[in-house]
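Data block below; observations after.
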Protein chains: 2
Amino acid sequence: MLQTTTEMMEGEGPTARQQDVLDAVLRLLVEEGDRLTMTAVARRASCSKETLYKWFGDRDGLLTATVQWQASKVRVPPVDRKGLNLASLTSSLERFASDWLRVISSDTSIALNRVGVVHAGSDKRDLGAIVLERGRFALGRRLKPVLEAGREAGLLEFDDAETAFRTFFGLVARDVQIRLLLGDRLELTEAGIDGDAVRATQQFLALHGAKTGPKAL
Amino acid sequence: MLQTTTEMMEGEGPTARQQDVLDAVLRLLVEEGDRLTMTAVARRASCSKETLYKWFGDRDGLLTATVQWQASKVRVPPVDRKGLNLASLTSSLERFASDWLRVISSDTSIALNRVGVVHAGSDKRDLGAIVLERGRFALGRRLKPVLEAGREAGLLEFDDAETAFRTFFGLVARDVQIRLLLGDRLELTEAGIDGDAVRATQQFLALHGAKTGPKAL
DNA sequence: ATGAGACCGTACCGTACGTTACGGTTCGGC
DNA sequence: GCCGAACCGTAACGTACGGTACGGTCTCAT
């Protein structure tokens, strides 16, 4: 593996053609799980195996690039910390919760998490770390400022934002992710997701909502 | 696969020798993940591959038997519903929470869940279903009577025991299981586990504890 | 137009591993 | 002591798949 870095390393993202290939991998990953073969990828993406190896180095490189490509596709809508009140905080939390439930119940996310779990069990721990980083930890980084703004505004009470976030995470995800990963047929309807988001938010507010009312009051 | 049922089917459990083999598989699974080979199993268990195939049919059969063997080892301590009060309910819940955290953070559980996730991603969905059944659902079956007894005694309030259980599950497990499955180094100390169990129980009681005091009061 | 790359399709190679086959050894029943 | 069953250790087989090599085609700059 002493080749001159096989392209696709740090720096600019994949070219349009490479993106097409990665999307093909993504689709194949959903259909076949991690037992997809390089030959199948080449056929699906209408490219040669030689090109795959040239662009991505090896099978792991291809999977890694795919995970990162997918992760790069989810855009982060910034949260406005202006004019925060209980209503806007509540709807922000509900939004986070429903978005998150939609993500973890998507075929793509399930497939990617499966790949991450598989790789975490082997020496190649990278993929698992990437999935974790772009999933659970990215969510934490996005949500914690909201929680802290809520505390700032006197709407929430907690000692540690990380701990508070994990509570919220637990209330939202519950057993959904592990059940889906283990193959449970658990179809979440739109209405069900929204309802769960509302419930989780209410529970979180019941645990961490300020009893004293907003600070400014 | 039209052999006369390869032994190890329904009915009596594995023989002592077979249990030794399954324990060897378990250890190997923890060390090697699901990429363990039949040769490695035979070597570790000091038995021949021929015997493995005779007893367990094929690789999947061996893994399935292993998962079931491990599942059969966790015994269920019955919960006494007599003399239930807030203190005993609280300590029951704390016990469940800490037991559960200890289970899901054990090397064995992580390895087994990984195998389940892998198989759930392929056509062979059985192993995932078994892990789910012996894990998450078994816990639900054990805990729900406790919750219902608590409600009966006027200590808890909830509409649906399943929903209440899932809330408890979320508060206890939070992000622990997915992080461990994805390879996060997350060492849980004894004290940490017990603390989390207490916290989760308190949070659960804050959400579902009866506001009106015990019924008998 | 032509030569250089980039890339496609396919054939090929090496290996790892699931599965089977076989010779040798142990052991319980007669 | 002897027979057969169960089992061990190892060798062998077949295949699937990661990775490489190569001939053919297209594009594009000169």
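Worth knowing before you read on, the calculation uses all heavy atoms, side chains too, and leaves out hydrogens, waters and symmetry mates. What you see is a predicted model; the values in this text were computed from it and never measured. A, B, ... follow the sequence lines: proteins, then strands. Residue 1 opens every chain.
If you take CZ of B:Arg35 and C1' of D:dC17, they are 18 Å apart, rounded to a whole angstrom. Look at CG on B:Leu62: it is 10 Å from P on C:dT19, rounded to the nearest Å. Distance OH (A:Tyr53) to C1' (C:dC8): 16 Å, rounded to an integer number of Å. Rounded to whole Å, atom P of D:dC8 lies 11 Å from atom CG of B:Asp20. Rounded to whole Å, the distance from CG on B:Leu36 to P on C:dT19 is 12 Å. Between the P atom of D:dG23 and the CD atom of A:Glu50 lies a distance of 12 Å, rounded to the nearest Å. A:Gln18 places its CD atom 12 Å from the C1' atom of C:dC7, with the value rounded to the nearest Å. Here the C1' atom of nucleotide C:dC7 and the NZ atom of A:Lys54 are 8 Å apart, to the nearest Å.
B:Lys49 contributes a side-chain N or O that forms a donor-acceptor pair with the base of C:dT19 under 3.5 Å.
A donor and an acceptor atom, one from each side chain of A:Asn113 and A:Ser109, are located under 3.5 Å apart. B:His119 and B:Asp34 are not linked by any side-chain donor-acceptor pair at a separation below 3.5 angstrom, with hydrogens and angles left out of the test. Side-chain contact check for B:Thr51 and B:Ser48: at least one donor-acceptor pair (N or O, by modelled atom type) lies under 3.5 Å.
Ring orientation note: the planes of B:Trp100 and B:Phe169 are tilted relative to one another, at an angle of 30° to 60°.
Of the candidates C:dC17, C:dG9, D:dG19, D:dG19 carries the atom nearest the A:Asp58 side chain, counting heavy atoms from C-beta on.
Within the 4.0 angstrom heavy-atom criterion, no nucleotide atom of any strand lies near B:Thr39.
The two residues B:Ile104 and B:Ile110 make their nearest non-hydrogen contact at O-CG1, 3.6 Å.
Residue A:Trp55 has no polar side-chain atom (N or O) positioned under 4.0 Å from OP1 or OP2 of C:dA6. Between A:Thr51 and C:dC8, a side-chain N or O to OP1/OP2 separation shorter than 4.0 Å is present.
Closest-nucleotide positions on DNA chain C for B:Asp60 and A:Arg43 were compared, and the one nearer the 5' end corresponds to A:Arg43.
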